[in-house]
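Naming convention: chains lettered A, B, ... in sequence-line order (proteins, then strands); numbering from 1 in each chain. Computed from a predicted model, the values in this text were never measured in an experiment.
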There are 2 protein chains.
Amino acid sequence: MKNLADILDLEGAAGPPTERMLQILTEACRLFATRGFDGVSVRDIAQECGISKATLYHHFPDKDAILRPLVMGITRSLHQRVLGAIPSGADPAEKLRAFLTESARFFEDYRWAFIVSSTVFWTDPQARQRRQRIEWRDRHEALLRGILEEGVRSGAFRIADIGMAGRLVLGALNWMPKWYDPKGPLPASAIAEQFHGMLVAGLGAKPGG
Amino acid sequence: MKNLADILDLEGAAGPPTERMLQILTEACRLFATRGFDGVSVRDIAQECGISKATLYHHFPDKDAILRPLVMGITRSLHQRVLGAIPSGADPAEKLRAFLTESARFFEDYRWAFIVSSTVFWTDPQARQRRQRIEWRDRHEALLRGILEEGVRSGAFRIADIGMAGRLVLGALNWMPKWYDPKGPLPASAIAEQFHGMLVAGLGAKPGG
DNA sequence: AAAACCCGACCGATCGGTCGGTAGGAGGAG
DNA sequence: CTCCTCCTACCGACCGATCGGTCGGGTTTT
């Protein structure tokens, strides 16, 4: 797990987060990922950090303020990082590979936060910050669709429905947290590499193969 | 939504569930799916059913007893139904199509329960019933792997890693609940059909196409 | 001394769950 | 027919525990 501070979205924060704030966010993130937002009490988080609940509330105004930077930050950072990892001059298949492998690397670096973000997404009662998050997600999906469209135009891909193909790709990717074992033999990026191969070539044996 | 009673797993129940029990399970299922198990109080469920909380506890011993038949029933029924829908004599590609489309139809029939099952799966603290559910899930995954292996043997499929291919297929399928709109233009089975086409043929344009 | 950090104790609200008791239909006895 | 009993479904009120959040005051750092 890389440094969580790199991806947090502190919004109205005055400066960079303190050590204590980072500790709280890190522990809370892990707990939220394994037991869900409602399944974790503020007392649990404080205890895991070795501080009192009152102290936790000295650093964060309320429970939502712990969740927000995680979820918002992940959604934004994933898009920005994947966007930056796609080689501009490459052919579409190569771009798709970069999309998949960089997403996997990001997932590997920030696994807990990634899980929190994807599970909280649709159970979240907060409609206000929801819109902002959906904007980043839409931008991310548009990035993938752009790659696929470019492939269709260049003749590299043959796709009937771009949106459907995008959902296929994202489904395979977003389902990874449910079964991926960080102690397993393959790093996430290698798995994404395999996914890329199967997605582009298909599972069916070609006549010319 | 088909009749929920067809898929419930009542375990030690004396007879078929009463109307009231079905109502409670149906309303609870919808609430669990939209707000999560911990996000729904027993009072919420009772109110949605137009009864008092005490009455709800007359029909169910505790909150877990409402969740259990839903989650266990879905996991078991999905496998049994998909298993029964796969034509024994057909070629592997056709079997894979049946696997995908029947899964989609099941999801369409029992959408809320399907969502509850997939979200609760890994946040569930109950280890006892967890094992039984995992057995059904493993059986389901083995069914898919069997189809893929048969395809590789017959030469219909060319797959490097069966397990990885299975996760690719299940990922695309299990991610559907997150974006599928029942009021949308396409039924879930048609979407599964498209997925099947893309998965087998691949997104890349063939040389001979 | 000022500011940042920390804590024990407490708050009202809500949680899952229990209690004693009621309304009403079924059924047997007189 | 009436009377009594039993049973199921139902409810208002309540329980201890825990929830998110607050408060006044203590300690440490600058």
Students should find that the nucleotides of DNA chain C closing off the region near chain A, any atom under 4.0 angstrom from a heavy atom, are C:dC5 to C:dG8
* Is A:Lys63 close enough and on-axis enough to A:Tyr57, meaning under 6.0 Å and within 45°, for cation-pi? -> no
Per the under-4.0 Å heavy-atom filter, residues of residues 36-47 of chain B near DNA chain C come out as B:Val40, B:Ser41, B:Val42, B:Arg43
Hey, does the Lys NZ or Arg CZ of B:Arg167 hover above the aromatic six-ring of A:Trp175, less than 6.0 Å from the centre and inside 45° of the axis?
-> no
B:Tyr57 OH to D:dG12 C1', in whole Å, measures 16 Å
CG (A:Leu96) and CD (A:Glu150) are apart, to the nearest 0.5 Å, by 11.0 Å
Q. Does the side chain of B:His59 get closer than 4.0 angstrom to OP1 or OP2 of D:dT8 through an N or O atom?
A. no
**Study point:** A:Asp161 (side chain) donor-acceptor with A:Met164 (main chain) under 3.5 angstrom
**Key:** yes
Review point. How are the rings of B:His79 and B:Trp136 set relative to one another: parallel (under 30°), tilted (30 to 60°) or perpendicular (over 60°)?
Key: tilted
*Is the shortest side-chain N/O distance from B:His58 to OP1 or OP2 of D:dC10 below 4.0 Å?*
no
TODO: Return no unless some side-chain N or O of B:Thr55 is found under 4.0 Å from OP1 or OP2 of D:dC11.
DONE: yes
### Message
I'd like to know whether CD of A:Gln47 has more than 12 heavy-atom contacts from other residues, nucleotides or ligands below 6.0 angstrom.
### Response
no
- Task: Using the six-membered ring wherever Trp is involved, compare the ring planes of B:Phe114 and B:Phe107 and label them parallel, tilted or perpendicular (cut-offs 30° and 60°).
- Result: perpendicular
*Would you say B:Asp62's side chain and B:Ala65's backbone share a donor-acceptor pair under 3.5 angstrom?*
yes
